[in-house]
Participant: 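Here's a structure for you.
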Amino acid sequence: MFKRILLKSILRRKRHIGLALAIVIVGTSVVAALFSVFSNVDVKMSRELRRYGANMVVLPAQPPLAGSPTAESQISEKELKKIAGALNRPQVVAWIPLKYQVVVINGSKQAVLVGTNFENMVRVKPYLRIEGRLPRNTEDRGLLVGVEAARKLGLKIGERVQLGSGSSNLRESQTFQITGLVKSGASEDNRLFANLMPVRKLLKSTSIDVIMASVIGGMQSIEQLRQTIEAVAPRVRVEPVLKIAKSEGQLLNRISALSLIAAFIILTITTIAAMATIQSLITERRMEIGLMKVLGARNISIIALFASEAGIVALTGSLIGYGIGIALAQIIGYSAFGTSIDLNPVVFVTVLAIGFLIAVPGVPFFIKKITKIEPANTLRGEY
Amino acid sequence: MAFIEIDSLTKTYGRLAALDRITLQIEKGEWVSIMGPSGSGKTTLLNLLGGLDRPSSGSVSINGSVITGMTLNELTQFRREHIGLVFQQFFMIPYLTALENVMIAQYYHSMADEDEAATALEKVGLGDRLHHLPSELSGGEKQRVCIARALINDAEIILADEPTGNLDADNETIVMNLFRRMHAEGHTLVLVTHDSTIGWKANRIATLEHGRLIKIDSGSSTRQEESSEIVLEGIDRSESLSL
Ligand SMILES: Nc1ncnc2c1ncn2[C@@H]1O[C@H](COP(=O)(O)OP(=O)(O)OP(=O)(O)O)[C@@H](O)[C@H]1O
Ligand SMILES: [Mg+2]
């Protein structure tokens, strides 16, 4: 009979139930959308911010002063392998090794040659503008020439150049072919870029000078990486590129604070609306409650009936609200960040909890209301 | 000790005494009408008898149990076991059918029994209205559902507050016949009315005024069990009529 009363009360009171459902759906869908977006905002926003370049560098213990490099001023191949392992994490968008050397071009002029990994370089430095193409694979002796360097040296795409290491033995030179020009408006414009492998062969040295990485998750995540890297390679130093990393962190904090305030306001409004609805529903159903009491219903069984009804509304409403909310989140995600929003189980649980909070606002309040109804007064028509 | 003992029952609302030291005994199987002008305390008295309200002082005991000393939960249970209530308004759960409105009384009493509920509705002439919602029933039909509901748990005591107050003459006759039948079946009946022809159908008529019990008259009905009393009452009445 309990189920029958409950079912009829829901099915035959479509308008009331519909109103209660609508409130739960509005509340939960907004919360689901906001929480989904905001639980992603750090990741998505910092990916967005990563366009400004590397925010973490790995340096040898003693950067080279003037003069020839020593073991202390280099990162060895062995260390590089260990660091590469430590950098293999989701919060690392991309990283590149960099090996710098002054080289002689076609036996006459000098320029700085940089050995690196092209595929990752464009991810660490998304602001680079490239004309022509990148060297194909990591062994290709292709050369990317900064626009300024190309102008000064009179180099063009497709040309072959002889690069000799800056050491006294000028005969140790190798042929590279220019595949493209690169422009950034910064130091890159004066450099030559080649794959690390052929550069190592040319210079007969496997060590590198520095590692640059693009990391998401702000200073906190950089600090974590620093600890892991310095644990596996104690001779290196890890440092944030302060200017970029700090302002990123501040921006993210501001966005999180704003989102929290927004979520709080929306929740408050929906909860107040829900309270008012429940209150009016109970007032409206006073006669019903009074009659049930006259017929011998205990408070507890009336409360169970109303609570079940609210529970069903809450569950249905939050499920629908969650569905609408994550759909909204995807729309926001695509329009603001150009990517989808990941689903987060924490959001689902939160939304469910909020649905119940809205539909059963303050269970004690609800119970007190029902308990206080006196059948004598109610059925006398005192409202 | 009488079946229902009302002793010096008083109910005050602020300075107003809605009921003022009412003392009355009602026997098992008796039909008592409560009459009096509007505001004289009829509903207040009935609510106290039904355990829907608590007195300011005085007591009510039913079949030896002092209901005015019970906790709310005990009262609810007592009402469930012993009392059937009928009101002037036809209170029904709006989203339940006639049948379900009767079954809900069974459910809160013990266990819902659809067949038994249907039989009860057939007895009040609503065999073809079982699955109608309250909004689809006439006033008279609704009141008959309420009567079927009051009777479904075989309550010994039926308390009715102006049960025909909102009915036309035809429906009044139907409903009064149902009460007559209840009385014949041995239920104790307390019926509030301000219609003297209805009040007259009882064994006794208690009249209230300003919360006071001002007189008790005999009615037209005779008590089933005690035939000797019937004769006496008959004589009493003819005497009072001749006066
Ligand atoms: N909850 C209450 N608070 C204050 N006064 C009340 C309350 N209930 C009843 N009264 C007063 O008590 C008195 C008796 O009321 P009651 O309802 O018993 O009258 P009644 O005889 O049933 O009248 P009617 O024939 O109009 O139904 C009235 O004066 C009424 O105003
Ligand atoms: Mg009244």
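Here is the naming used below: chain letters follow the sequence lines, and residue numbers restart at 1 for every chain.
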Participant: For chain B, which candidate among A:Glu374, A:Arg298, A:Arg285 shows the most heavy-atom pairs at distances under 4.5 Å?
Facilitator: A:Arg298
Participant: Considering only heavy atoms, give the residues of residues 103-118 of chain B separated from chain A by less than 4.5 Å, sorted numerically, with 'none' for an empty result.
Facilitator: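 Checking residues 103-118 of chain B against chain A gives B:Met103, B:Ile104, B:Ala105, B:Tyr107, B:Tyr108, B:Ala112, B:Glu114.
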Participant: Which bit of B:Glu81 comes within less than 4.5 Å of chain A, counting heavy atoms only: side chain, backbone, both or neither?
Facilitator: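 Neither part; nothing is under 4.5 Å.
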Participant: Could you check whether any side-chain N or O of B:Lys11 sits under 3.5 Å from a backbone N or O of B:Arg54, counting only pairs where one atom can act as donor and the other as acceptor?
Facilitator: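 Checking the backbone N and O of B:Arg54 against the side chain of B:Lys11, a donor-acceptor pair under 3.5 Å is found.
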Participant: Using a heavy-atom distance cut-off of less than 4.5 Å, which residues of residues 3-15 of chain A contact chain B?
Facilitator: A:Arg4, A:Ile5, A:Lys8, A:Ser9, A:Arg12, A:Arg13
Participant: Taking B:His183 for its side chain and B:Gly29 for its backbone only, find out whether a donor-acceptor pair lies under 3.5 Å.
Facilitator: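 Flag set: sc B:His183 to bb B:Gly29 pair under 3.5 Å.
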Participant: Does atom NE2 (B:His194) have a neighbourhood of more than 12 heavy atoms from anything else shown, all under 6.0 Å?
Facilitator: no
Participant: Pick out which of B:Asp7, B:Val60, B:Leu75, B:Ile6 makes a side-chain contact (heavy atoms from CB on, under 4.5 Å) with B:Thr68.
Facilitator: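 Exactly one pass, corresponding to B:Val60.
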Participant: With only heavy atoms counted, which part of B:Leu72 is less than 4.5 Å from chain A, the side chain, the backbone, both or neither?
Facilitator: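 When you check distances to chain A, no heavy atom of B:Leu72 falls under 4.5 Å.
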Participant: Evaluate the side-chain proximity of A:Phe306 to A:Ile289: yes if any heavy-atom separation is below 4.5 Å, no if none is.
Facilitator: yes
Participant: Does atom CD of B:Gln25 have more than 12 heavy-atom neighbours, drawn from other residues, nucleotides or ligands, at distances under 6.0 Å?
Facilitator: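 Yes.
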Participant: More than 12 heavy atoms of other residues, nucleotides or ligands under 6.0 Å from CG of B:Leu16: yes or no?
Facilitator: yes
Participant: Looking at every heavy atom in both B:Ile83 and B:Ala155, which two are closest together, and how far apart are they?
Facilitator: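 Closest heavy-atom pair between B:Ile83 and B:Ala155: C-CB, 3.5 Å.
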Participant: Can you name the one residue among B:Asn166, B:Asn171, B:Thr164 that meets side chain to side chain donor-acceptor pair (under 3.5 Å) with B:Asp168?
Facilitator: B:Asn171
Participant: At their closest point, which heavy atom of B:Arg212 faces which heavy atom of B:Ile22, and how far apart are they?
Facilitator: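 Shortest heavy-atom contact: C-CD1, 3.9 Å.
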Participant: Would a distance-only check, ignoring hydrogens and angles, find a side-chain to backbone donor-acceptor pair under 3.5 Å from B:Thr207 to B:Gly36?
Facilitator: no
